[in-house]
Protein chains: 2
Amino acid sequence: MALPHPCASWPDNGRPIRETLDRVGDKWSVLIIGILALSGPLRFSALHQSVPGISQRMLTLTLRHLQRDGLVKRTAYAEVPPRVEYELTPLGSSLRTIVTLLAQWATDHNDEIETARRHFDAR
Amino acid sequence: MALPHPCASWPDNGRPIRETLDRVGDKWSVLIIGILALSGPLRFSALHQSVPGISQRMLTLTLRHLQRDGLVKRTAYAEVPPRVEYELTPLGSSLRTIVTLLAQWATDHNDEIETARRHFDAR
DNA sequence: CGGGATCCGGGCAGATACTG
DNA sequence: CAGTATCTGCCCGGATCCCG
């Protein structure tokens, strides 16, 4: 008789989660969500400065994706100069706890990881 | 006078977090950590089957990365046929809560995201 | 069985220039 | 200011073959 699948309680072997994870798990999303969670609504340029290293293009694309998934709301004001603000939707805000935990974990264990890496590389 | 940076409490504007996030945030890591968290030690082949869609190469690479970062421990048994088991280290286990929350969130809000996407695409 | 090595194509991501 | 457009290089990731 077959053993129960090692990952029985991970729904559909993680299949439906994949697409969701792809959104949250891409290079910039978590960072941007975290920043928006901490700062509230931000303009494009402010966001651009808050995420060091991101290109204009990637910021645009990431925001578009997040918007498409209903995590971020885009509001354009008809002014001159134009002003566009991005903020988390309620759905996006529901990620706040997780993102905060993740950021916390990353800072807490940064040294351990660093050490582990050097130890691993030194062989 | 300069306004306080919008992301003051995100350490170093998220810089040191980036590398850590890159590990956790790549395409397969979270899934693999989640599976190991649920199942305990697994052999390579079992892991391979538990992650539908992953190629052998990517599984190898991802495991190597996780091992390098001290999140996963690899144990090879000198037998015939050879047997290799992967399990979470204590450091890896400390991610268990977060990964579980993430998986929970993904399943909980899968429909909302789906809806948001269709709504967004239909314009 | 558990990988390593190699080849290769597509898309991710940067740089630059331009626009409403 | 907040993007779009275009070009390009490069790395991700799959397929395949091979090895201890």
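So that the names make sense, note that chain A is the first sequence line, chain B the second, and so on, each numbered from 1. On a predicted model such as this, the values are computed, not experimentally measured, just so you know.
- Look at B:Glu87 and B:Lys73 and you find a salt bridge, because one of the NZ, NE, NH1 or NH2 atoms lies within 4.0 Å of a carboxylate O, short of that distance.
- Of the listed nucleotides (C:dG14, C:dG4, C:dC1), C:dG14 has the atom at the smallest distance from the side chain of A:Met58.
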Derivation of the side-chain contact (heavy atoms from CB on, under 4.5 Å) call for B:Trp28 and B:Leu63: CA-CA 9 Å; B:Trp28 302 106; B:Leu63 285 171; over 6 Å; no
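- In this model, the phosphate group of C:dG2 is approached by a side-chain N or O of B:Ser45 to a distance below 4.0 Å at OP1 or OP2.
- A residue-by-residue look at A:Glu85 and A:Arg57 shows that A:Glu85 has its nearest nucleotide of DNA chain D further toward the 5' end.
- Screening A:Leu36, A:Val84, A:Thr62 for a side chain to side chain contact (heavy atoms under 4.5 Å, CB included) with A:Leu47, the sole residue that qualifies is A:Leu36.
- A straight line from CG of A:Leu63 to P of C:dA13 spans 14 Å, rounded to a whole angstrom.
- Among D:dG3, C:dC1, C:dG3, the nucleotide with an atom closest to any side-chain atom of B:Arg64 is C:dG3.
- Side-chain contact of A:Thr60 with A:Arg57: a donor-acceptor pair under 3.5 Å is absent, judged by distance alone.
- The CD1-C1' distance, from B:Ile54 to D:dC12, rounds to 13 Å in whole Å.
- Comparing C:dG14, C:dG4, D:dG14 against the side chain of A:Lys27 picks out C:dG14 as the nearest.
- Taking atom CZ on B:Phe44 and atom P on C:dC1, their separation rounds to 12 Å, with Å as the unit.
- Put simply, CG on A:Leu59 is 13 Å from C1' on D:dC1, counting in whole angstrom units.
- If you check every strand for non-hydrogen atoms under 4.0 Å, B:Tyr86 touches sugar and phosphate atoms only.
- In terms of modelled atom types and a separation under 3.5 Å, the side chain of A:Arg96 and the main chain of A:Ala37 share a donor-acceptor contact.
- Nucleotide C:dA13 holds its P atom 9 Å from the CG atom of A:Leu61, rounded to whole Å.
- Spacing between atom CD of A:Glu79 and atom P of D:dC1 amounts to 13 Å, rounded to whole angstrom units.
- DNA chain C is contacted by both A:Gln56 and B:Arg74; B:Arg74 maps to the nucleotide lying nearer its 5′ end (nearest heavy atom per residue).
- Protein atom CD of B:Gln67 is 15 Å distant from nucleotide atom P of C:dG2, rounded to whole Å.
- Atoms CZ (A:Arg83) and C1' (C:dG20) sit 18 Å apart, rounded to a whole Å.
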